[in-house]
Amino acid sequence: MSKNLPHIDEIYRDAIDGYEEHPSPDVWRRLQAQLDEEDVAAYKKKYIAARRAAISLAILLLFLVIQETGIIRPAVSLPIGPIRLKNDLANETVKDNAEGKRPQKIAAGRKLLVIQPSGYITDTCCINGKPGNAVPCVKLLGPDSLNRMMAHTAGVADTAGAAGAIRQKAKERRPFKPYWSVTVLSSQEWAQYRLENGGNVSQDESTDIAQKERHEPSFTAGALVLYQFKRNWGIQAGLLYSGTSIAIDPQEIYAVKAPDGAIAYKYNSSSGYAFVKPGFGLPPAVGDSLSAASAQHNLQYIGIPVTLQYKITKGRFSFSPGLGVSFNFLAGARIKTEVENAGNRETVTIDKLQGTKTFYLGLMANANLQYDFSKKWALTIRPGFSYALTSITKNNVVKTYPYSFGAAAGLTYKF
Amino acid sequence: MLIVCMRYAKNREEAEEILQEGFYRVFKYIYQFNNTGSFEGWIRKIMVNAALQKYKSKSHLHPVIHIDQGDRHLSDGTDIYSNLHVKELIRLVQSLPAAYRLIFNLYVFEGFKHREIAKMLDISEGTSKSNLSDARAILQKALVKEKKMINT
């Protein structure tokens, strides 16, 4: 019955062999659109972290500009009166204002000077003892009026430096008290490394690794504790978790004799090496090769930074450049790839790299920029640089010294 | 390559979808081609995989149909072959249920063994053999019918 069945196969093979059909132009148009979409998606994905950081920074800067220019800052009131315009009383008034206190009670009929965010001073009259009920006068004074008024009330002859002198006086009255602060932060980092020849390998091999690997944006997150023991000096330490991603191009890997005597394919990377034993095919012989597809390499470290910070304060802003070291401990190293040979494919995940040190010492430099939006809380921006002083590898084909530039943002609490 | 896709697809539109997806993968993974074999063969393999993925993902691989065992013999296959246009032969393959179509293509055109097909489609070897036999029977019956129509 079925003797003619195989004949069907031949009929089809002979008929279709060499026959061509052409797709409609729409196929190529749609394909082009699909590839373009892919490019756009990849581009967006590539810069999404940078864009987020830029937007956050822009919002923060906008907030700071608004705060500092006083566009939405409430007006500061200085109560003065024609009768009580004496040095003692004036100093008392200025001191109150320097500490941010707003006078609560003002005698009826006294004048109230209101410093507007624009720097102008309006002269108002108080009718029932509350500044909120003052009736604005039409008289408008220019910005110089403030200095003149300060000079007059404080009895200082130099009109230009009067306000500064008063603030300085107020500052001198406050003795410095050492304090602690905690900063929780996260940062986007651009990591790279410097490779040195491992010693017993050819230069080509280390160059080859450098060409195959591309760093992707990394991140760091953690908490830092600062002890400000002097007005300008502080020491900072903490705990930081950092993750670095490296994309590795496809490559051929070759079978070698592993330390345990078995023959396995050796996968080299800048951070270490591993022996791959795929489940398919016959056991390899030394020299056999295997194709490894694009790989994703992730490295995680827990770092303990210790830095000395020098603090310069200007109003609500403070700038603290710092220098120190970091003690970095390996938390994880993973390579995920796919190996292929003779049509067989297998996904390989390497969770333990050999030739990777569990500890390395790094040098750290940073510049803390802080904005105190209250007595206890501050916003922190922390550009920084770190560089490995010791290699992260041992007995690997290369010695690797990672370094990174980062921009951290965080929140600081003082206590 | 369109003809490869047409053999696996239900119609020309679906074949063009597979072709588009296949070429998208070709461009995306072109760096994986290591110049050791035929480039055309590599692309063809991608097209076949794209087709398999399309029909495997849609759970189309469960047809068990009853084949009418009568009139399965071809008295002279070459006559039919010469009288039928390739497009007509393709149309007959396209009219097969998805599972039969995939197995027929993988066995006849790609040269896979039943063991390999079973692994690829996640079915038993027996199912692969049975489906191939059924596919052949359906095609044979359809060809006889076509022949009769042409003769009349």
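As the structure is a prediction and not an experimental result, all values here were calculated from the model. Letters go in sequence order (proteins before strands), and every chain restarts at 1.
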Plane angle bin for B:His114 and B:Tyr107 - parallel if under 30°, tilted between 30 and 60°, otherwise perpendicular: parallel
Aromatic ring proximity, centroids under 6.0 angstrom, A:Phe275 and A:Tyr267: no
Interchain contact, A:Pro23 with chain B, by part (heavy-atom threshold 4.5 Å): both
Part of A:Ser291 within contact of chain B (heavy atom distance under 4.5 Å): side chain
Greater than 12 external heavy atoms within 6.0 Å of B:Tyr29's OH: no
Option that, when pairs with chain A are counted at under 4.5 Å, heavy atom only, ranks first among B:Arg7, B:Met6, B:Arg12, B:Gln20: B:Gln20
Name the region of [X], side chain, backbone, both or neither, that has any atom closer than 4.5 Å to a heavy atom of chain A.
{"X": "B:Phe104", "answer": "side chain"}
{"X": "B:Val93", "answer": "both"}
{"X": "B:Phe27", "answer": "side chain"}

Heavy-atom side-chain proximity of A:Gln192 to A:Phe405 below 4.5 angstrom: no
Residue pair A:Ser271 / A:His297, side-chain donor-acceptor N/O under 3.5 Å: yes
